[in-house]
Asks: 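Before we start, here is the structure in question, set down as structure tokens.
When a ligand or atom number is given, it counts from 1 through the structure's own listing order.
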Amino acid sequence: MEVKGVNKAEWMEKATQSILDADEKVAVEVAKRSLEAGMDPLEMINEGFSEGIRRMGDLFDRGKVFLPTLIIASEAMTAAVRILEQALPQTETGKKLATVVLGTIEGDLHDIGKGIVAVMLRVYGFDVRDLGRDVPIDVFVSKAKEFDADVVGSSALMTTTQVGQKALEKALKEAGLRDRVKTIVGGAVATDEWAEKIGADLYAEDAGEAVMKLKELFS
Ligand code: B1M
């Protein structure tokens, strides 16, 4: 596919490379120019920039890059996503399917993936109340009440914070909310087995699956 002289694969590669170079200026430029060229913002996020942070993660795992570089790359990714999400339609369906209270568990600062989940759910018609990262369990519960949530979604990327997803299930039960809300868990350490073990309703491997599974329940 050609988009104004630069093909799709090239845009994806440019996006990926900007994250691998941990270059926020270039990442922002690529995001802006790709929109001008007519690229799909969701594809740019999911296939272009996300691939960069995934590969950066592999390099970090193998000790090829160190934490400061990873932090700068993450900031570049966040800046690019912010630009691309502004170009997304409010909702694709035009109606609100359900209210989702979403956040990253307390102690966990990883919010790139959770941010993508929020973006995708909004595009597909969910009213997303994004509580951010490092969210205490009692805040999930109070916000679920405040927004009359249909879904409470939590993200955890570390084994140390994953236990917070279990605590969230318990806290929702204790608050008498568990029968009224569906819960969905995600993040690098979550699995179907984990969701089942802690009594969460759903697990999603990525943002696309989160949309698909929630749409099945609420369409
Ligand atoms: Co950190 N980190 N990190 N990190 N980091 C991991 C998670 C780690 C696996 C890397 C490693 O060591 N191999 C490891 C955790 C190990 C473990 O516990 N098993 C780790 C560690 C140890 C740490 C620190 C402790 C490092 C240190 O300080 N020594 C520290 C902890 C900080 C803290 O949270 N308290 C730390 C810090 C950071 C940065 C700040 C540098 C940065 C985060 C920046 C940010 O998010 N704003 C960072 C990053 C970038 C990573 C890796 C490399 C990439 C994460 C990411 O953004 N992936 C990560 C390695 C890895 O995951 N392989 C790693 C891209 C993103 C699109 O994917 O987040 O998985 P992901 O989200 C996906 C799906 O998981 C799913 O959909 C998303 C989109 O498709 N999903 C959901 C996510 N949430 C969902 C919720 C849902 C449904 C689906 O429903 C509600």
Asks: Ignoring hydrogens and geometry, is there a side-chain-to-backbone donor-acceptor pair from S74 to L70 under 3.5 Å?
Replies: yes
Asks: Flag G107 as yes when one of its N or O atoms lies below 3.5 Å from any N or O atom of ligand 1, and as no otherwise.
Replies: yes
Asks: Considering all protein heavy atoms, does one lie under 4.0 Å from atom 83 (C) of ligand 1?
Replies: yes
Asks: Tell me which part of T78 gets within contact of ligand 1: side chain, backbone, both or neither, using heavy atoms under 4.0 Å.
Replies: neither
Asks: Which protein N, O or S atoms does atom 1 (Co) of ligand 1 have within a distance shorter than 2.8 Å?
Replies: H110 NE2
Asks: Could you tell me whether T159 approaches ligand 1 through its side chain, its backbone, both or neither, with non-hydrogen atoms closer than 4.0 Å?
Replies: both
Asks: Using protein heavy atoms only, decide if any is under 4.0 Å from atom 8 (C) of ligand 1.
Replies: no
Asks: How does A190 reach ligand 1, if at all, at less than 4.0 Å between non-hydrogen atoms: by side chain, backbone, both, or neither?
Replies: neither
Asks: Would you confirm whether any non-hydrogen atom of the protein falls under 4.0 Å from atom 74 (C) of ligand 1?
Replies: yes
Asks: Geometry only, no angles: is R54 polar-contacting ligand 1 at N/O separations under 3.5 Å?
Replies: no
Asks: Would you list the pairs meeting salt bridge (Lys or Arg N to Asp or Glu O under 4.0 Å) in which at least one residue belongs to residues 108-121, sequence neighbours left out?
Replies: D111-R133, K114-D130
Asks: Going by the order shown, which atoms of ligand 1 are within less than 4.0 Å of some heavy atom of L67?
Replies: 27 (C), 28 (O), 41 (C)
Asks: Please check: side-chain N/O of S219 versus main-chain N/O of E216, any donor-acceptor pairing under 3.5 Å?
Replies: no
Asks: For ligand 1, which atoms have a heavy atom of G153 less than 4.0 angstrom away?
Replies: 91 (C)
Asks: With only distance considered, is A207 within less than 3.5 Å of ligand 1 through an N or O on each side?
Replies: yes
Asks: Which ligand 1 atoms does D61 reach within 4.0 Å, using its non-hydrogen atoms?
Replies: 10 (C), 11 (C), 12 (O), 13 (N)
Asks: Is the shortest distance from atom 89 (C) of ligand 1 to a protein heavy atom below 4.0 Å?
Replies: yes
Asks: Look up atom 27 (C) of ligand 1 and tell me if a protein heavy atom lies less than 4.0 Å from it?
Replies: yes
Asks: Looking at atom 11 (C) of ligand 1, would you say a protein heavy atom lies below 4.0 Å from it?
Replies: yes
Asks: Mark yes or no for whether D134, through its side chain, and G107, through its backbone, hold a donor-acceptor pair below 3.5 Å.
Replies: yes
Asks: Between E146 and K143, does at least one N-O distance fall below 4.0 Å, as a salt bridge requires?
Replies: yes
Asks: Only counting residues at least two apart or in another chain, list the ones meeting salt bridge (charged side-chain N to carboxylate O under 4.0 Å, His left out) with K170.
Replies: E174
Asks: For the pair R178 and D201, evaluate salt bridge (Lys or Arg N to Asp or Glu O under 4.0 Å) and give the outcome as yes or no after the intermediate values.
Replies: CA-CA 10 Å; R178 193 58 188 87; D201 294 303; 2.9 Å; yes
Asks: Any donor-acceptor pair under 3.5 Å linking the side chain of T161 with the backbone of M158?
Replies: yes
Asks: Tell me, please, which residues at least two apart from T191 pass side chain to side chain contact (heavy atoms under 4.5 Å, CB included).
Replies: E193, W194
Asks: So, are R55 and E51 salt-bridged, with charged N and O less than 4.0 Å apart?
Replies: yes
Asks: Is the shortest distance from a Lys or Arg side-chain nitrogen in D127 or R122 to a carboxylate oxygen in the other one below 4.0 Å?
Replies: no
Asks: Spell out, as yes or no, whether a donor-acceptor pair under 3.5 Å connects the side chain of Q165 to the backbone of I105.
Replies: no
Asks: Take atom 46 (O) of ligand 1 and look for protein heavy atoms under 4.0 Å from it; say yes if you find one, no if not.
Replies: yes
Asks: List ligand 1 atoms under 4.0 Å from L102, heavy atoms only on the residue side.
Replies: 91 (C)
Asks: Which of the numbered atoms in ligand 1 are below 4.0 angstrom from a heavy atom of R133?
Replies: 47 (N)
Asks: Would you say atom 42 (C) of ligand 1 makes contact with the protein, given that contact here means a non-hydrogen protein atom less than 4.0 Å away?
Replies: yes
Asks: Can you check side-chain contact (heavy atoms from CB on, under 4.5 Å) on I116 and I45, steps first, answer last?
Replies: CA-CA 8 Å; I116 294 174; I45 295 173; 3.8 Å; yes
